[in-house]
Amino acid sequence: MTMPLHTEARAAGYNFAFLDEQTKRALRRALLKAVAIPGYQVPFASREMPMPFGWGTGGIQVTASLIGPDDVLKVIDQGSDDTTNAVSIRKFFRRMTGVRTTERTEEATIVQTRHRVPERALSDDQILVYQVPIPEPLRYLEPRETETRKLHALSEYGLMHVKLYEDIARHGHIATTYAYPVMVGDRYVMDPSPIPKFDNPKMHRMRSLQLFGAGREQRVYAVPPFTSVRSLDFEDHPFAVQTWDQTCALCGAGDSFLDEIVTDDRGGRMFVCSDSDYCSRRRGDGETDPARGAAAE
Amino acid sequence: MNDTPLLQVEGLSKRFGRIAACDDIGFDLHDGEVLGIVGESGSGKTTLLRCLSALIAPDRGTVRYRMRDGSRRDVFALSEPERRLLMRTDWGFVHQNPRDGLRAHVSAGANVAERLMAVGARHYGEIRERATDWLARVEVDTARIDDAPRTFSGGMQQRVQIARNLVTHPRLVFMDEPTGGLDVSVQARLLDLLRGLTADLGLSAVIVTHDLAVARLLSHRLMVMRGGQVVEAGLTDQVLDDPQHPYTQLLVNSVLQP
């Protein structure tokens, strides 16, 4: 008789969810501090994970410190449940915890994400965990960590607008489309991780807890439920999200973030929802499919 | 005009180990007055400037500054946020090397506008207009507003740095060898510009230089430093034309005549 994978991992000496309990406690203390100071970057002792930094080790450690046997986990990468990063992280947690995983956004208690916020609104008993490559929004303008910490401490954020100014001077509009800086709780400027700015408004007063983990940079930060998250802008160049002329070629949705997919080498392309769960559910719910409908006739 | 000095320095001393870089220095600086500090390399003039501008803390002594509201405050007793606010609104610091005072990777316009945004300007059109205006005032071609300063010549970079400091209308500017490293004709134009700006804006300034010609052109009063001490002080013309101290006499006689 073969053992389930997680029992096998236990037998091999691994703790539940890979990290040892002391590490999880240290991480949870850091997370509590992060929740207490919305948008503030809290240092933590990031561990070696069985995958390289840059593959979501921060998010994975945050999830590992929170997850219990009764949790249901959903992992998405660029909105999709079936891209490499999502598949391997989901497999990692199935193997290390044995918890149930799901692709349905509303079933999950923890959603770990890279580069997207799910289209379906999250509820207050869910936690959204972001994978963050570079937690410091001021990094490219001010390389000194000692100085950026001081800027955060004194709330001196003029520099952030220098970046937006450069965008307008160069492109005529604010050309930052992802990792768009936000002001959290009217106090700290925060990098929302490389989510498209389309998702920024969803973070504002979101019902669920949002946690951010940066493994290589050894920082966690958080946005507690119902916290204001305002995207920075200029009075005469207000913040605006991306829009598309098309609707989703598969489900026809006009309100979701669309990925452009090149279909051949003759210029063929289609726009589809990046949130695979949202898209497939809409199709399952009997939404019309203009592309497929035309092909069938 | 105000009778109380803008900047009042008393008993300022700073040692680096056994070396006394500044030894018991005191002076007053009034509104609209330009003070030159001259001396040879290692005489402590740059250290003095860094102490005055609160970049480093002295071992002893006070630097009192008259704030915009008229109150006189010891700059080292200010809280850090207050001091930083002062530095980016009421004060300017022009470095000898413009690369120390500019952000190399953002455009000239953004360099000039940074202080505006740091004090809360959030209207792009207005910010840009003021940046353009200031670039024009320091005689930088406004068509180059979106170019990075690293593509500029040394003299242009220095002018951008000056615009960047003056955009918030500071009352006091510290300059460390503002014309160092520039060739003579560029120096002359920059000096012209600085003289015009300080006069137009009623700026007070403390200018450190080893170039007596620069000191004569820009400053009203002069302090001659040697070995961390002020050996002679007075009106610029008086000090340069009738030097009393042997060291000042040496300094004045050392100037090469072309």
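Heavy atoms only: backbone and side chains are in, while hydrogens, waters and symmetry mates are out. In what follows, chains are A, B, ... by sequence order, proteins preceding strands, each numbered from 1.
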_Polar contact flag, side-chain donor to acceptor under 3.5 angstrom, E166(A)-S107(B)_ = yes
_Given heavy-atom pairs under 4.5 angstrom as the criterion, report whether the side chain, backbone, both or neither of R88(B) touches chain A._
side chain
*Measuring heavy-atom distances to chain B, does K150(A) have an atom under 4.5 Å in its side chain, in its backbone, in both, or in neither?*
side chain
*asked:* Test your reading of the model: is there a side-chain donor-acceptor pair from K202(A) to the backbone of V117(A), 3.5 Å cut-off?
replied: yes
*Of the backbone (N, CA, C, O) and the side chain (C-beta and beyond), which part of R103(B) lies under 4.5 Å from a heavy atom of chain A, both, or neither?*
side chain
_I'd like to know which of E126(B), R115(B), R128(B) tops the heavy-atom pair count under 4.5 Å against chain A._
R128(B)
*Check the angle between the aromatic planes of H161(A) and F234(A) and answer parallel, tilted or perpendicular using the 30° and 60° thresholds.*
perpendicular
*So what's closer than 4.5 Å to chain B heavy atoms on H237(A): side chain, backbone, both or neither?*
side chain
*Do you know which of A110(B), G120(B), P81(B) has the most heavy-atom pairs under 4.5 Å to chain A?*
A110(B)
*Under the 3.5 angstrom rule, does the side chain of R50(B) hit a backbone N or O of I56(B) as a donor-acceptor pair?*
no
_chain A contact via L116(B) - side chain, backbone, both or neither, heavy atoms under 4.5 Å_ = neither
*Pick one of side chain, backbone, both or neither for L141(A), based on which atoms fall under 4.5 Å of a heavy atom in chain B.*
both
*Is the count of non-hydrogen atoms from other residues, nucleotides or ligands lying under 6.0 Å from W55(A) atom CH2 greater than 12?*
no
*Only one of D28(B), L52(B), L29(B), V208(B) passes side chain to side chain contact (heavy atoms under 4.5 Å, CB included) with L35(B); say which it is.*
L29(B)
_Under 3.5 Å: donor-acceptor pair, side chain of N165(B), backbone of F93(B)_ = yes
*For L154(A), is it the side chain, the backbone, both, or neither that has a heavy atom closer than 4.5 Å to a heavy atom of chain B?*
side chain
*Quick one: which of A121(B), A113(B), G109(B) has the most heavy-atom pairs under 4.5 Å with chain A, could you say?*
G109(B)
*Quick one: which of A153(A), A169(A), G158(A) has the most heavy-atom pairs under 4.5 Å with chain B, could you say?*
A169(A)
_Between Q157(B) (side chain only) and P149(B) (backbone N and O only), is there a donor and an acceptor less than 3.5 Å apart?_
yes
*With rounding to the nearest 0.5 Å, note down the distance linking CD1 in I89(A) to OG1 in T84(A).*
10.5 Å
*Among H123(B), E80(B), E114(B), single out the residue with the greatest number of heavy-atom pairs under 4.5 Å to chain A.*
H123(B)
_Structural part of H105(B) lying under 4.5 Å from a heavy atom of chain A_ = backbone
